[in-house]
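We use all heavy atoms of the structure for the numbers below, so side chains are in, but hydrogens, waters and symmetry mates are not. Note on naming: letters A, B, ... go to the chains in the order of the sequence lines (proteins, then strands), and numbering restarts at 1 for each one.
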Number of protein chains: 2
Amino acid sequence: MNRHFSTERDHPCGACGFRATSIWWPVTRDCRTRLERGFNRRQLASEEMIYAQGAPGDTVYCLSRGLVALRSMRPDGHYSFVRLVRPGDIFGFRSFLEMQPHDTEARTLVASRVCVVAARDARAVVEGSPRVMGNLALRCAEELRRSRQLRAHSRRGDNRARLLRLIRDLSADQGPDPDGILRFRLPLSRADIAAALGLAPETVTRSLRRLSEAGALRISGRQVELPAQMVEQDA
Amino acid sequence: MNRHFSTERDHPCGACGFRATSIWWPVTRDCRTRLERGFNRRQLASEEMIYAQGAPGDTVYCLSRGLVALRSMRPDGHYSFVRLVRPGDIFGFRSFLEMQPHDTEARTLVASRVCVVAARDARAVVEGSPRVMGNLALRCAEELRRSRQLRAHSRRGDNRARLLRLIRDLSADQGPDPDGILRFRLPLSRADIAAALGLAPETVTRSLRRLSEAGALRISGRQVELPAQMVEQDA
DNA sequence: CGGCTCCTTGAGAGGCTTCAATTGACGTGG
DNA sequence: CCACGTCAATTGAAGCCTCTCAAGGAGCCG
């Protein structure tokens with residue numbers, strides 16, 4: 001068994017833009033080989049299902065481009081919006097760590113590209129390269145912090161502010177502003193926004209109209225115009 | 001360096017009741033020695049501070065008896081209730097993993113006993129015994145799942161039901177029922193309950209009164225009487 | 001007993017939800 | 001080309017819930 005760690009040049013993530021922050025590093029040469037064979041880059045269209053709720057957790061995913069929504073269905077028919085996955089994020093790992101079926105479903109919001117690692121390979125890599133588990137734990141801890149923050153913010157403070165923050169958040173990945181106004185297409189439906197904020201869709205509509213009347217943004221359908229100074233002020 | 005793993009007989013957690021689910025296992029003999037030297041069992045009174053928000057994250061804690069509250073203060077003076085730590089749980093680990101100061105404060109709710117491991121020792125153990133990191137990641141993943149569940153439940157469904165569930169949850173550790181009614185002392189103040197549920201303390205009082213009128217429980221101050229059949233029905 | 005903290009109760013106001021109906025966009029089929 | 005179904009988004013009305021502000025108990029300790 002070759003226990004030498006791979007050098008930067010033969011990083012298992014290859015030319016992926018997020019190799020610098022990859023969790024698959026450093027790994028032994030053996031693991032690198034295994035990963036390169038196991039890696040599977042998939043190009044996905046919009047609204048495509050990556051895994052369903054209840055599906056076996058036999059893969060770890062890394063989003064390299066696009067946007068993915070993690071949603072959790074509930075028996076009463078309602079669903080809650082669990083998490084927005086951005087490029088560079090990994091997902092499906094909770095299920096991998098707990099060795100349980102996915103309790104969320106993952107679906108692309110826009111055309112996306114994901115790297116897929118089979119849990120079998122991931123487990124082998126973790127065995128051979130312990131620091132990978134440390135990376136995974138770190139990601140998990142960060143996600144936990146984020147989840148707690150969301151929970152803390154979910155009640156206090158008015159929903160209008162939270163809504164605006166969410167929209168700004170969604171704009172962060174989009175290109176910069178041409179003439180001082182940031183224009184982009186909202187990747188979430190009103191129902192998604194409502195679920196993410198814990199509101200009713202109608203309330204989202206009404207809140208958006210109030211924000212619009214207050215001059216905080218202009219929105220028509222999914223087309224958003226966000227004044228640039230509004231983006232900076234809350235950094 | 002002795003790479004042999006310790007046997008069950010010389011478990012680093014000694015006679016602790018939670019050794020069977022300890023994250024410090026399996027470890028090499030060296031690590032075991034280090035842990036046994038590093039372990040520090042502390043007996044704490046009620047309402048005692050374990051660490052403050054902003055304190056350096058230089059320790060990992062394991063609660064072996066009692067109850068601990070993790071709270072997060074906010075600039076506006078309000079605080080939110082982040083998590084309830086039960087016997088067998090570990091805490092302070094997020095800060096350990098991220099190598100960041102604690103962003104919550106930990107305080108005992110009742111007389112408690114905690115095991116303290118210095119981050120320095122914990123890091124050494126993780127180096128020598130990779131599976132410990134796996135255990136830690138697993139705990140983190142479980143905590144993440146719990147946090148998400150709380151978030152999903154935090155809006156939908158009325159608060160009365162959530163309040164009752166919280167109270168039942170708090171009773172779970174207490175002894176069984178003598179005559180069909182479960183009596184115990186509530187470890188949380190109204191303000192804590194309110195923060196945990198994202199409500200105002202007044203609303204908690206009113207909701208409790210309504211629950212009381214509906215016959216779901218009897219409560220006077222912190223003394224609770226919970227009909228036993230109510231405990232079983234929602235399992 | 002005063003002072004303290006926690007809990008309770010009251011009243012008014014505002015926000016959110018639900019139900020229900022309407023509008024608009026889009027694709028299908030006559 | 002237009003009617004139609006479907007789906008998302010919007011609007012309106014009524015009602016409940018919770019919030020805030022404020023004042024009044026209850027228990028505890030010096």
Side-chain angles (χ1 to χ4, degrees), chain A residues 45-47 69 71 74 76-81 107 109-110 152-164 166-167 170 185-214 217-225, chain B residues 45-47 69 71 74 76-81 107 109-110 152-164 166-167 170 185-214 217-225:
Chain A
S46 182
E47 290 300 323
R71 301 185 179 94
R74 305 199 318 178
D76 60 2
H78 286 123
Y79 71 90
S80 58
F81 196 95
R107 192 183 285 272
L109 289 168
V110 300
H153 278 290
S154 85
R155 281 281 182 168
R156 301 277 175 195
D158 51 320
N159 293 323
R160 209 116 64 249
R162 295 201 299 131
L163 175 56
L164 191 52
L166 174 61
I167 291 181
L170 291 169
R185 181 183 157 76
L186 207 57
L188 266 50
S189 72
R190 298 291 189 272
D192 273 337
I193 298 175
L197 264 38
L199 300 173
E202 296 93 330
T203 306
V204 172
T205 290
R206 287 186 251 262
S207 296
L208 281 174
R209 194 158 54 78
R210 287 204 193 173
L211 281 173
S212 188
E213 285 166 2
L217 56 76
R218 290 183 54 186
I219 185 166
S220 163
R222 292 202 176 189
Q223 213 54 38
V224 182
E225 297 184 8
Chain B
S46 181
E47 290 299 323
R71 302 186 179 93
R74 306 201 316 178
D76 61 3
H78 286 124
Y79 72 88
S80 58
F81 197 94
R107 192 183 285 272
L109 288 168
V110 300
H153 278 290
S154 85
R155 283 280 183 169
R156 301 277 175 192
D158 48 329
N159 293 323
R160 209 116 65 249
R162 296 202 298 130
L163 175 56
L164 190 52
L166 174 61
I167 291 181
L170 291 168
R185 182 184 158 76
L186 206 58
L188 266 51
S189 71
R190 298 292 189 270
D192 273 337
I193 298 174
L197 262 40
L199 301 172
E202 296 93 329
T203 306
V204 172
T205 289
R206 285 187 255 260
S207 297
L208 281 174
R209 195 159 52 79
R210 289 203 191 176
L211 280 173
S212 187
E213 286 165 1
L217 54 77
R218 290 183 55 186
I219 185 166
S220 163
R222 293 203 175 185
Q223 213 56 38
V224 182
E225 295 184 10

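- Closest approach to the B/Glu202 side chain among D/dT18, D/dT20, D/dA9 is made by D/dT20 (side chain taken as heavy atoms from C-beta onward).
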- Message: I'd like to know whether A/Ile167 forms a side-chain contact (heavy atoms from CB on, under 4.5 Å) with A/Leu208, so could you lay out the CA-CA distance, the side-chain angles of the two residues, the decisive distance to 0.1 Å, and finally the verdict.
- Response: CA-CA 10 Å; A/Ile167 291 181; A/Leu208 281 174; 3.6 Å; yes

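- Toward the 5′ end of DNA chain D lies the nearest nucleotide of A/Ile219, the other residue of the pair A/Ile219 and B/Arg210 mapping further downstream.
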- For B/Leu199 and B/Leu163, what are the C-alpha separation, side-chain angles and deciding distance, and is it a side-chain contact (heavy atoms from CB on, under 4.5 Å)? CA-CA 10 Å; B/Leu199 301 172; B/Leu163 175 56; over 6 Å; no

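- Checking the phosphate oxygens (OP1, OP2) of C/dC16, no side-chain nitrogen or oxygen of A/Arg206 falls inside 4.0 Å.
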- side-chain contact (heavy atoms from CB on, under 4.5 Å) assessment of B/Ile193 paired with B/Leu186: CA-CA 10 Å; B/Ile193 298 174; B/Leu186 206 58; 3.6 Å; yes

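- When rounded to the nearest whole Å, the span between CG of B/Leu188 and P of C/dC6 equals 13 Å.
- Residue A/Gln223 contributes atom CD, which lies 19 Å from atom P of D/dA8 at whole-angstrom precision.
- Across the protein-nucleic acid pair, B/Arg160 atom CZ and D/dC17 atom C1' stand 9 Å apart, rounded to whole Å.
- Atom pair A/Leu197:CG and C/dG15:C1' shows a separation of 14 Å (rounding to whole Å applied).
- Rounded to whole Å, atom C1' of C/dC6 lies 13 Å from atom CD of B/Glu47.
- Whole-Å rounding puts the B/Leu186 CG to C/dC6 C1' distance at 13 Å.
- Rounded to whole angstrom, the span from the CZ atom of B/Arg209 across to the C1' atom of C/dC7 amounts to 13 Å.
- Between A/Asn159 and the phosphate of C/dC16, there is a side-chain N or O to OP1/OP2 separation shorter than 4.0 Å.
- A straight line from CZ of A/Arg222 to P of C/dC26 spans 12 Å, rounded to a whole angstrom.
- The local environment of CZ in B/Arg107 is crowded, with over 12 non-hydrogen atoms from other residues, nucleotides or ligands closer than 6.0 Å.
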- Task: Could you walk me through whether B/Val224 and B/Leu170 pass side-chain contact (heavy atoms from CB on, under 4.5 Å), step by step?
- Result: CA-CA 11 Å; B/Val224 182; B/Leu170 291 168; over 6 Å; no

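- An OP1 or OP2 oxygen of D/dC19 is reached within less than 4.0 angstrom by a side-chain nitrogen or oxygen of B/Thr203.
- For B/Arg190, whose side chain is taken as the heavy atoms from C-beta onward, the closest listed nucleotide among D/dC21, C/dC16, C/dC7 is C/dC7.
- When distances are taken from the side chain of B/Leu199 to each of D/dC19, C/dG15, C/dC7, the shortest belongs to D/dC19.
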